[in-house]
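The structure appears right after this line, and notes come after that.
For this chain, numbers begin at 1 and follow the sequence in order. No experiment lies behind these values; they were computed from the predicted model shown.
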Amino acid sequence: MRLQFNEVRARAAEFAREWKDAHYEKGETQSFYNEFFESFGIRRRRVASFEERVKLLNNKSGFIDLFWPGTLLVEQKSAGRSLEAAYKQALDYCDGLKPEQFPRYILLSDFQTFELYDLETREHTAFALADLPSHVEKFGFIMGVEKRSFKDQDPVNIVAAELLGKLHDSLKANGYEGHDLEQFLVRLLFCLFADDTGIFQRGIFEDLIRDFTREDGSNVGGFINEAFEVLNTPEDRRQANISAELNQLPYVNGELFAERLPTPYFTAAMREELITLCEFSWEKISPAIFGSLFQSVMDGAERRKAGAHYTTEKNIMKVIGPLFLDDLRSQFEHLKGLKREREKRLRAFHDRLASLHFLDPACGCGNFLVIAYRELRQLELEVLLALAAEERDAEGQLQRKLDVTGLSRVDVDQFAGIELFEFPARIAETAMWMMDHIMNNALSQAFGQVYARIPLKKSPVIRHGDALEVDWADVLPPDQCDYVLGNPPFIGAKYQSAEQRQQVRALAGLGGSGGTLDYVCAWFIKAGAYVNAGGKRAHIGFVSTNSITQGEQVAQLWPILFDRYRLEISFAHRTFAWGSDAAGKAHVHVVIIGLAPRGAEPAEKRLFSYDHVNGEPLESRHGALSPYLFDAGGLADPHTVVEESSTSLSGMPKVIIGSKPIDGGHYIFDEAGRDTFLRNEPGAARFMRPFVGAEEFINGRKRWILSLHTASPSELKAMPQVMERIALVRETRLASKSLPTQKLADTPTLYHVNVIPDRPFLVLPEVSSERRHYAPIGWLEPPVIPSNLVRVIADATLAHFAVLTSAMHMAWLREVGGRLESRYRYSIGIVYNTFPWPDLSDKARAQLEASGQAILDARAAFPDATLADLYDPVTMPPALRKAHRDNDRAVDRLYRREAFGSDRERVEHLFMLYERLKNPVIAATKDKPKRRRRKAG
């Protein structure tokens with residue numbers, strides 16, 4: 001096992017005495033560094049090589065004096081030579097290296113002086129050879145003890161996944177697959193990480209593979225399985241005749257190596273793949289990110305998109321920060337500033353950190369658990385350092401020797417998870433142990449001692465199973481849980497399997513219709529029940545699709561959380577992009593919701609808002625948050641949700657959807673198809689009508705549809721190609737699995753929904769881009785037939801048009817309407833029928849008709865432009881923009897005299913009006929003036 005720093009200091013002192021007269025680069029460098037590494041208990045040949053050739057940018061070659069790929073580059077000079085020139089030379093060598101080989105440290109020496117550069121932290125340390133014992137901690141990385149920070153999308157993680165993927169593919173192609181392959185790879189990952197970070201004696205696993213396996217690969221699988229058995233056996237229970245080399249491996253425990261696996265058979269090429277894995281610098285791997293990448297090795301197509309789907313640390317922090325970490329850090333800062341009882345209070349705070357328990361019921365590869373554990377351990381380390389400061393005397397010396405092994409009390413068994421698939425569940429366990437070791441190294445460095453939790457005495461509780469079927473209380477009793485967190489799966493209601501849909505409906509209990517909840521809602525509901533069962537102790541922080549804060553799902557989900565489980569929103573992130581803008585990366589628009597048991601929520605609720613989905617959030621604080629994620633302090637009931645209505649609550653004209661053919665496409669034609677069809681069937685021309693949906697209306701595209709509603713039997717029979725189309729439509733409908741669609745086969749000349757306007761009508765596209773400040777709406781007239789992808793108002797006036805195209809109505813659409821991806825989706829029952837209209841007096845109508853006509857006139861000035869062109873925020877004509885702003889002011893004044901400062905203010909005002917429409921009694925109570933208490937005296 002690796003040395004303690006006290007032992008290293010003694011060895012370093014001996015090394016300094018031995019080499020105090022060394023001065024000649026060529027003759028003594030190799031012996032110098034062989035012994036230098038031995039001072040740290042590491043054989044140099046295990047990690048680094050001499051005279052490594054590198055191609056320079058000028059196409060010449062150079063030779064690095066000593067090179068440890070990914071970790072250390074040494075440039076050695078004879079005594080008295082310039083180390084400044086040596087540094088420039090080292091940087092030139094770095095420029096010729098591959099990204100994954102780039103070292104973190106550069107060491108310069110002329111035998112009698114050392115200069116160490118940490119390229120990650122920019123730290124520079126210079127000292128004489130005689131002072132080496134005082135600086136050995138700076139070289140802790142040789143033993144695997146170093147501070148590391150991890151970056152999202154670090155190429156090193158992707159390279160590592162690719163390397164593992166190659167071995168995975170080779171083993172699978174050879175017939176070693178399934179559970180056995182997955183377990184083998186997880187164990188191998190642990191060994192590779194342990195070999196480079198000091199869990200094992202550094203480099204021993206790589207040496208065993210190189211020195212004790214045959215080049216043809218014939219004994220590799222059996223040898224590795226033998227090593228796994230050794231790792232699973234306590235030293236005092238190993239067989240007496242075990243080889244000395246294998247016996248160097250420590251006992252690991254944690255049940256990681258408990259199961260006996262079939263032997264995988266290797267070839268010479270597979271052995272080389274394994275050795276390449278051993279040579280890789282695994283200490284650079286981020287356990288949080290690499291888990292997801294490692295999972296991707298199981299699918300070659302997914303691996304080619306490596307990095308596309310993992311959860312970035314930055315986004316995980318958006319959950320755990322406001323959920324628990326920000327509050328804990330704030331408490332710690334307060335305690336550090338106390339003048340009295342500081343030590344006592346710090347110890348109590350440490351006790352609390354050691355008592356916290358976390359559950360991620362959709363943990364995947366453990367990303368959330370790993371980062372939460374890292375942050376809790378980091379906070380604990382800061383607490384321990386603060387406590388150590390309390391024990392220092394006036395000269396700054398500790399009054400008693402601290403034993404680092406008894407300091408840390410935060411451990412992996414405080415974390416639990418549930419994961420549907422076995423492989424990521426096992427990765428999650430391993431990633432937690434990897435992070436545990438990283439944090440043990442940080443503790444070691446901080447206190448100048450070496451600390452490793454081997455054998456593993458505690459394990460995270462990761463249950464392999466379906467979280468919606470597993471009883472969470474069996475994984476972590478709810479009365480012990482403090483925080484439920486994670487990123488549950490996103491599956492829309494229309495894309496769920498029958499089993500998934502039944503799971504959601506059983507948990508929601510919404511009655512006959514079952515609702516249209518996304519799959520993620522089931523986690524919110526089950527978490528609510530879990531928190532209630534635990535005496536309302538735990539707080540919840542989940543990532544979700546933004547659909548649960550928009551459209552019809554709000555009225556289905558949130559009353560369950562508010563009323564059934566008495567939860568309150570404690571913090572939230574409004575819609576932002578979960579992922580990256582890089583090519584091939586996943587684009588999902590999400591929200592983050594924090595929930596707390598009623599009575600345990602913070603007085604101030606934190607809201608993080610984004611000007612752009614890929615931007616940075618701005619934080620605001622509020623007394624209450626609406627499920628639509630805006631300030632609900634002005635509402636009589638902050639739990640108000642917009643419920644779907646079959647008619648306009650304000651008594652406005654009826655809106656309907658356009659025609660829905662359900663024709664298998666046989667009645668619909670593009671321009672070329674229409675011309676071809678009419679050449680062969682010219683009599684059909686009078687039945688061919690423009691067919692306009694959202695795409696055609698906004699972008700000016702052309703489609704046509706056969707409208708046979710008024711055609712007589714004799715007219716139809718005179719058109720054989722039309723008759724052929726009718727027959728195809730009938731066959732399509734009969735072949736459907738839907739009984740209502742099958743019945744439509746009896747009337748094949750009719751559509752499923754038949755809207756054939758006989759006068760001009762107002763059109764509202766069902767879906768339009770979120771980039772636009774205004775959803776494009778306008779009039780069409782016969783012979784146009786609107787499709788079901790637009791909404792139609794037959795009796796709209798210019799005043800209706802002016803209100804519907806205003807900033808006020810757009811604010812309502814953005815807030816309560818659903819989204820298709822990030823685009824606006826216009827719902828009749830949720831958006832139009834619930835919208836609180838202003839009082840349209842004769843005077844108001846006249847004003848609105850004028851402002852509405854001004855918008856139409858501004859459009860008409862550009863007859864060749866599509867609505868997409870006119871409403872593109874970049875190309876929108878100034879005259880049209882001015883007409884809209886004038887209209888916005890006219891509409892706003894109908895709601896209140898005071899100008900609205902933002903869409904958020906408009907929404908908050910509209911919600912108060914909606915409350916009055918839905919429940920005049922509650923609204924009236926809210927509006928009653930409060931009696932002022934008379935001051936005594």
Side-chain angles (χ1 to χ4, degrees), residues 179 182-183 186 254-256 258-259 291-292 295 311 319 323 356-370 372-373 412-432 458-491 496-509 514 517-544 548 557 560-561 564-565 567 593 595 597:
H179 168 83
E182 293 171 357
Q183 287 293 91
V186 169
E255 298 188 356
L256 178 60
E259 179 186 359
S292 295
Q295 187 180 1
T311 304
V319 177
L323 180 62
L356 295 175
H357 286 83
F358 302 77
L359 172 65
D360 182 348
C363 70
C365 296
N367 306 47
F368 276 80
L369 297 176
V370 168
Y373 180 59
V412 294
D413 64 335
Q414 294 171 235
F415 293 77
I418 305 171
E419 167 53 32
L420 180 61
F421 300 105
E422 182 184 13
F423 185 45
R426 301 291 78 84
I427 295 173
E429 288 177 338
T430 306
M432 287 292 285
K458 295 181 180 179
S459 302
V461 181
I462 309 295
R463 175 70 62 84
H464 165 217
D466 186 336
L468 298 187
E469 302 297 332
V470 168
D471 185 350
W472 296 5
D474 291 341
V475 181
L476 176 62
D479 59 348
Q480 296 178 20
C481 183
D482 296 278
Y483 300 102
V484 183
L485 73 166
N487 182 14
F490 305 156
I491 305 175
Q496 294 165 22
S497 67
E499 180 184 0
Q500 290 169 336
R501 193 173 298 112
Q502 181 54 40
Q503 287 177 317
V504 177
R505 291 181 175 184
L507 286 167
L517 293 173
D518 286 354
Y519 202 43
V520 69
C521 296
W523 270 261
F524 279 91
I525 295 169
K526 191 157 184 176
Y530 176 76
V531 168
N532 271 248
K536 300 180 181 178
R537 166 178 170 170
H539 291 222
I540 302 165
F542 280 152
V543 183
S544 169
I548 72 165
L557 171 65
I560 297 173
L561 303 179
R564 189 188 302 176
Y565 298 124
L567 298 172
I593 305 291
L595 297 168

- prompt: Between Asp413 and Val461, is a side chain to side chain contact (heavy atoms under 4.5 Å, CB included) present by the stated rule, with each step listed?
  reply: CA-CA 6 Å; Asp413 64 335; Val461 181; 5.7 Å; no

- prompt: His539 versus Leu323: any side-chain heavy-atom pair under 4.5 Å?
  reply: yes

task: Determine whether more than 12 heavy atoms belonging to other residues, nucleotides or ligands lie under 6.0 Å from atom CD of Glu259.
output: yes

message: Would you compute the distance between atom CD1 of Ile548 and atom CD1 of Ile593 and round it to the nearest 0.5 angstrom?
response: 5.0 Å

query: Rounded to the nearest 0.5 Å, how far apart are SG of Cys365 and CD of Glu429?
result: 12.0 Å

Distance, nearest 0.5 Å, that separates CG of Asp518 from CH2 of Trp523: 11.5 Å

message: Val370 vs Phe415, test: side chain to side chain contact (heavy atoms under 4.5 Å, CB included). Steps then yes/no.
response: CA-CA 9 Å; Val370 168; Phe415 293 77; over 6 Å; no

message: Could you go through Phe524 and Leu567, starting from their C-alpha distance and side-chain angles, then the distance that decides it, and tell me whether this counts as side chain to side chain contact (heavy atoms under 4.5 Å, CB included)?
response: CA-CA 11 Å; Phe524 279 91; Leu567 298 172; over 6 Å; no

task: Enter the distance from Arg501:CZ to Ile491:CD1 here, rounded to the nearest 0.5 Å.
output: 10.5 Å

field: Sequence neighbours excluded - side chain to side chain donor-acceptor pair (under 3.5 Å) pairs with any residue from residues 460-474
entry: Asp466-Gln503, Glu469-Gln503

- prompt: Does the pair Tyr565 and Val531 meet the rule for a side chain to side chain contact (heavy atoms under 4.5 Å, CB included), with working shown?
  reply: CA-CA 8 Å; Tyr565 298 124; Val531 168; over 6 Å; no

- request: Quick one: pull up CG in Leu356 and CG in Asp482 and give me the separation to the nearest 0.5 Å.
  value: 5.0 Å

